[in-house]
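All values reported here derive from a predicted model rather than from experimental measurement. Order of the sequence lines fixes the chain letters, A, B, ..., with proteins taken first and strands second; residue numbering starts at 1 for each chain.
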Protein chains: 2
Amino acid sequence: MAEKQGALQIGEVAQRTGVTQRTLRFYEEKGLLRPPSRMDGGFRLYSEEDVKRVEHIRRLQDLLGISLAEIKEMVDADEVLRDLRSQYRPESAITEKRNQLEKATAVTEAQFAIVKQKTEQMREMETQLEERLRLFTRWKQELDELEKKAAPTRG
Amino acid sequence: MAEKQGALQIGEVAQRTGVTQRTLRFYEEKGLLRPPSRMDGGFRLYSEEDVKRVEHIRRLQDLLGISLAEIKEMVDADEVLRDLRSQYRPESAITEKRNQLEKATAVTEAQFAIVKQKTEQMREMETQLEERLRLFTRWKQELDELEKKAAPTRG
DNA sequence: AGTAACCTTGACGTTGGCGTAAGGTCGAAC
DNA sequence: GTTCGACCTTACGCCAACGTCAAGGTTACT
């Protein structure tokens with residue numbers, strides 16, 4: 001029997017996600033990744049879900065440019081989400097579920113607000129740059145005409 | 001005679017931009033801000049343009065989440081832009097101007113590409129979060145109905 | 001001329017996000 | 001049963017982006 005079906009060692013995860021092994025252990029240390037299962041010898045065994053998680057973390061880092069502490073909060077919210085999804089059957093403790101759901105909603109709404117605002121500002125910056133590019137091409141044309149006047153039909 | 005009309009000391013700039021004086025000196029040190037003029041005693045005197053610049057730097061930091069080194073490149077490009085704008089008269093050295101213009105265009109296009117890509121990804125993230133929120137509200141409704149069935153018309 | 005508020009440079013401290021050995025263990029193959 | 005690459009923990013190192021004194025000079029006002 002294999003340790004686990006289709007489990008990945010840290011090296012493979014590192015390759016596939018583009019981060020270093022150090023980074024993976026670091027994320028685990030900081031609570032961004034749940035401690036993965038281990039082989040008998042102690043080697044870490046990651047799942048495909050873990051890979052997705054790492055990619056998600058990196059996207060947040062790259063796009064939002066926020067700290068790992070903040071990312072941890074977001075990712076913890078995702079964890080709540082998974083919990084809700086998995087044990088959606090047991091009808092016990094409905095009020096607790098509702099609480100979790102409320103909390104997850106709140107966190108997600110906060111994220112959404114941030115992302116929305118940033119998206120808007122990004123759009124503004126985009127149009128600004130676009131305008132600048134147009135300005136440049138106009139200037140180039142002006143330069144062209146200046147040169148024509150200065151040296152008309154030479155050669 | 002005032003040292004300069006409407007010039008600002010470092011404290012005022014700090015207040016207006018929301019950064020510390022240390023940060024302003026730091027940016028100057030790193031070449032992100034041109035060394036401002038000084039009073040006789042050595043006090044820094046900033047212009048309104050400098051204020052805009054600081055705000056721009058912070059926007060880039062916040063929105064794009066990139067390093068100050070990268071921001072410096074962008075801001076340097078802006079400087080070229082200003083140069084072009086100001087000495088747009090002298091018709092000497094047209095080819096040099098064209099060169100600068102080409103360079104500025106290239107840099108701006110690179111920035112634009114980055115910003116465009118990030119904007120797109122942000123939009124994706126935005127819609128993902130939106131969907132998640134919808135999912136949550138659906139779940140809440142389901143919970144409501146579950147409760148109705150479990151305890152019908154009580155009280 | 002005194003003084004409070006503001007500024008100067010210099011230098012060391014801090015925090016986040018990892019990098020990089022050092023020394024030992026594990027796993028598979030030969 | 002040894003070899004060898006992948007992995008383990010521990011721990012110190014490093015850079016960016018400032019924070020935080022310290023010791024003094026400047027300005028403006030009275």
Does [N] have OP1 or OP2 sitting under 4.0 Å from an N or O in the side chain of [X]?
X       : N      : result
A:Thr20 : C:dG19 : yes
A:Tyr27 : C:dC18 : yes
A:Thr23 : C:dG19 : yes

Problem - All side chain to side chain contact (heavy atoms under 4.5 Å, CB included) counterparts of A:Lys72, not counting sequence neighbours - result: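 If we apply the side chain to side chain contact (heavy atoms under 4.5 Å, CB included) test to A:Lys72, skipping adjacent residues, the hits are A:Leu32, A:Asp76.
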Spacing between [X] atom [atom1] and [N] atom [atom2], to the nearest angstrom:
X       : N      : atom1 : atom2 : result
A:Asp40 : C:dG27 : CG    : P     : 7 Å
B:Arg22 : C:dC7  : CZ    : P     : 16 Å
B:Lys30 : D:dA16 : NZ    : P     : 6 Å
A:Met39 : C:dT25 : CE    : P     : 17 Å
A:Leu64 : C:dG17 : CG    : P     : 14 Å
A:Leu24 : C:dG17 : CG    : P     : 15 Å
B:Phe26 : C:dT15 : CZ    : C1'   : 14 Å

Contacts of [X] that satisfy side-chain hydrogen bond (donor to acceptor under 3.5 Å, both in side chains) - sequence neighbours left out:
X        : answer
A:Arg98  : B:Asp144, B:Glu147
A:Gln121 : none
B:Glu55  : none
A:Ser47  : A:Asp50

Problem - For DNA chain D, the residues among residues 53-62 of chain B that have a non-hydrogen atom under 4.0 Å from it - result: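 Within this stretch, B:Arg58, B:Gln61 sit under 4.0 Å of the strand.
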Can I get a per-line list of side-chain donor-acceptor pairs under 3.5 Å for residues 125-133 of chain A, giving both atom names and the distance, sequence neighbours left out?
{"unit_1": "A:Glu126", "atom_1": "OE1", "unit_2": "B:Thr119", "atom_2": "OG1", "d": "3.2"}
{"unit_1": "A:Thr127", "atom_1": "OG1", "unit_2": "A:Glu124", "atom_2": "O", "d": "2.7"}
{"unit_1": "A:Arg132", "atom_1": "NH1", "unit_2": "B:Asp78", "atom_2": "OD1", "d": "2.7"}

When you compare the protein's N or O atoms with those of nucleotides 1-8 of chain D, which come within less than 3.5 Å of each other, and at what distance?
{"unit_1": "D:dC7", "atom_1": "OP1", "unit_2": "A:Gln9", "atom_2": "NE2", "d": "3.2"}
{"unit_1": "D:dC7", "atom_1": "OP1", "unit_2": "A:Gly11", "atom_2": "N", "d": "2.9"}
{"unit_1": "D:dC7", "atom_1": "OP2", "unit_2": "A:Gln21", "atom_2": "NE2", "d": "3.0"}
{"unit_1": "D:dC8", "atom_1": "OP1", "unit_2": "A:Arg44", "atom_2": "N", "d": "2.8"}
{"unit_1": "D:dC8", "atom_1": "OP1", "unit_2": "A:Arg44", "atom_2": "NE", "d": "2.9"}
{"unit_1": "D:dC8", "atom_1": "OP2", "unit_2": "A:Arg25", "atom_2": "NE", "d": "3.1"}
{"unit_1": "D:dC8", "atom_1": "OP2", "unit_2": "A:Arg25", "atom_2": "NH2", "d": "2.7"}

Practice task
Taking the side chain as every heavy atom from C-beta outward, state whether B:Met74 and B:Leu60 have any atom pair closer than 4.5 Å.
Solution key: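 With C-beta onward as the side chain, the pair touches.
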Practice task
Would you check if B:Tyr27 and B:Leu68 make a side-chain contact, meaning some heavy-atom pair closer than 4.5 Å?
Solution key: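 In contact.
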For residues 8-15 of chain A, which side-chain donor-acceptor pairs fall under 3.5 Å, sequence neighbours excluded?
none

